[in-house]
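Worksheet: the structure to be examined is printed underneath.
Reckoned from all heavy atoms, side chains included, excluding hydrogens, waters and symmetry mates. We count residues from 1, following the sequence as given. Indexing begins at 1, ligand by ligand and atom by atom, following the structure's order. Keep in mind that what you see is a predicted model, and the values were worked out from it rather than measured.
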Amino acid sequence: MHPSESVKYGVISIQKIWKHGIAHTWGTWLYAQLEEHTTFDLRVMSSSSTLGLTMATRLQARRLDGIDHNPWVECTKMASEYDAVNLGQGFPDFPPPDFALQAFQLALSSDFMLNQYTKAFGYPPLTKILASFFGKLLGQEIDPLKNVLVTVGAYGALFTAFQALVDEGDEVIIIEPFFDCYEPMTLMAGGHPVFVTLKPSPTQDGELDSASNWQLDPTELASKFTSRTKALILNTPNNPVGKVFSKAELELVANLCQQHDVICITDEVYQWLVYDGYQHTSIASLPGMWERTLTIGSAGKSFSATGWKVGWVLGPDSLVKHLRTVHQNSIYHCPTQGQAAVAQSFQHEQLHYGQPSSYFVQFPQAMQRCRDHMIRSLQSVGLKPVIPQGSYFFIADISDFKKKMPDLPGDEDEPYDRRFVKWMIKNKGLAAIPASIFYSRPHQKHFDHYIRFCFVKDESTLQAMDEKLQKWKEELRP
Ligand SMILES: Cc1ncc(COP(=O)(O)O)c(C=O)c1O
């Protein structure tokens, strides 16, 4: 196409732009765009003194294609519109522990230099304590300067890792159901997500399912590794099922990563939240794995302070150095006071480690009680929770509802769980999250009979939930 021709959907021709005296370089750039995208739409509002330009199509970068719809927004909006008890979103509605709050207050009121930038890759007392705390757990000598990067929450760590390591055309293996940002983060980096599904094994009649029954098929997993596989993303304890991967399962993943020379990105933000005596194992602690693993953590999840948004990545310098490059060219510094508060909170935990006074011991005990309360209550209306081994979450089976009321309102191709959640918010005053959003598109329909609940909730929220469920139970009486 020559610049003198009209733009396909445009309002003016390039010749007119030339008449308005637009710089030649801009014209050359525009010409290049027109060559590539024939649907480039250009509207010019010209007045005697100003020339305003609105490009109506293709403002967004191509990397956003297909990832701009977010089903969370709709559920959250509806939950507040109907004033529903929100059991969907993953954050505590109770305060962080006193020692953590005091640490933040101290960070605000003590050294005024904590109001200023700190070291780009992490406030030194924080990188130091993270290195010593996790060094013991992972059985590694961790260098605070080379093996630790502090990020804006675990989200920041994940984004930095994908940007630093995943290239155009690289394949990333994602175990589904997965924390929903893994897929768009892979796509934004130019990678191809390759999904492998945790499959539930059948339960005895009347027995509740458990997250431990949701397993990877070793042959299927092995078949996903190709010469293009760059990374595998693991999440244990897992969101949304609450599965804690066993050592044997992690060994399977580790062996395949080593065999195919693949990086493992492991999201362990719920590592302290394990129940019923299950043990969390970090894959980086397995033989031969430290060198190829990035371990991601979150102070938000560790200290019930999700708004602090302090996260970290631990790993070998050979990997972390590339994350530092992304970090220094994007975020550069994370807020200093939050980091100081987290450093102090870890000091507290190091002193109390493994003792009844430790938050990492007390918190899971308290949350196991919340989990059991919610599981008991939801069963009273016919929801069938899958008992989680860890995390903030569990999913509940709604197949019986799907059989009894298959025609809930909604778009024709809308997975059932989304229609069910909207129905539940409107009619029962309870909000959850449809589990299909944690699956790749082709698999959503196969898992649209589950919804996700968050049980990390205050006693008053659980009571409010019980009141709603009591009403629902009465309506069920013949
Ligand atoms: C599995 C998982 N990873 C990472 C995050 C993000 O953590 P942060 O709040 O520290 O960014 C979440 C938050 O819900 C999560 O569930």
Side-chain angles (χ1 to χ4, degrees), residues 70-73 75-76 86-93 96 100 104 122 126 130 134 148-163 172 174-186 198 211 214 231-245 264-274 280 282-283 293-314 323 327 330-331 334-335 338-339 341-342 345-346 363 367 388-395 432-435 437-439 452-457:
N70 189 337
W72 291 86
V73 179
C75 293
T76 314
N86 197 341
L87 309 174
Q89 278 182 298
F91 57 84
D93 59 355
F104 213 120
L126 178 57
L130 289 173
F134 286 95
V148 183
L149 174 67
V150 176
T151 54
V152 180
Y155 254 113
L158 287 161
F159 186 75
T160 309
F162 279 100
Q163 287 297 312
V172 176
I174 301 177
I175 300 169
E176 60 180 4
F178 56 89
F179 179 46
D180 55 311
C181 70
Y182 301 160
E183 184 182 12
M185 284 196 189
T186 303
L198 285 170
W214 288 55
L232 174 144
I233 172 117
L234 179 76
N235 174 212
T236 182
N238 156 283
N239 171 10
V241 178
K243 178 183 174 64
V244 175
F245 283 74
C264 181
I265 302 172
T266 176
D267 177 343
E268 303 186 1
V269 298
Y270 301 109
Q271 75 177 98
W272 314 113
L273 285 156
V274 282
H280 166 76
S282 288
I283 196 165
T293 303
L294 290 171
T295 305
I296 291 176
S298 162
K301 308 292 180 179
S302 301
F303 298 110
S304 305
T306 56
W308 290 9
K309 288 300 288 184
V310 176
W312 56 87
V313 194
L314 311 170
L323 277 69
H327 182 81
S330 53
I331 302 299
C334 299
Q339 294 189 66
V342 175
S345 301
F346 266 110
F363 186 39
M367 289 312 105
Q389 300 161 281
S391 86
Y392 278 13
F393 309 105
F394 61 78
I395 55 171
I433 298 287
I437 67 173
F438 303 102
Y439 283 89
R452 191 196 76 172
F453 288 93
C454 173
F455 54 88
V456 176
K457 296 294 167 198

Is a side-chain N or O of Q339 found less than 3.5 angstrom from the main chain of C334, in a donor-acceptor match? yes
The closest protein heavy-atom partner of atom 12 (C) of ligand 1 is F179 CZ, 3.3 Å
For K309, the ligand 1 atoms whose distance to one of its heavy atoms is below 4.0 Å: 8 (P), 9 (O), 11 (O)
If we only count N/O pairs under 3.5 Å, is S298 in contact with ligand 1? yes
Give the atoms of ligand 1, by number and element, whose distance to some non-hydrogen atom of G153 is under 4.0 Å. 10 (O), 11 (O)
Nearest 0.5 Å, what's the CD1-OG1 distance between I233 and T186? 7.5 Å
Given side-chain hydrogen bond (donor to acceptor under 3.5 Å, both in side chains), test T151 with W312 step by step and report yes or no. CA-CA 5 Å; T151 54; W312 56 87; over 6 Å; no
Apply side-chain contact (heavy atoms from CB on, under 4.5 Å) to F455 and list each qualifying residue two or more places apart in sequence or on a separate chain. Y275, M367, C370, R371, M374, P388, F394
Would you call Y270 a ligand 1 contact, heavy-atom distance under 4.0 Å? yes
Please report whether the ring centroid of Y270 lies less than 6.0 Å from that of F179. no
Atom 3 (N) of ligand 1: nearest protein contact (heavy atom, Å): D267 OD2, 2.5 Å
min-distance protein heavy atom vs atom 8 (P) of ligand 1 -> A154 N, 3.4 Å
Is a donor on one side and an acceptor on the other found under 3.5 Å between the side chain of Q389 and the backbone of V244? yes
Under 4.0 Å between heavy atoms, the region of Y155 that gets near ligand 1 turns out to be both
Under 6.0 Å between ring centres: does that hold for F91 and Y392? no
Using a 4.0 Å heavy-atom cut-off, which part of N235 comes near ligand 1: side chain, backbone, both, or neither? side chain
Pairs of nitrogen or oxygen atoms closer than 3.5 Å, one from F393 and one from ligand 1: do any exist? no
Could you tell me whether the side chains of Q271 and S282 share a donor-acceptor contact shorter than 3.5 Å? no
Distance from atom 14 (O) of ligand 1 to nearest protein heavy atom, with residue and atom: K301 NZ, 3.0 Å
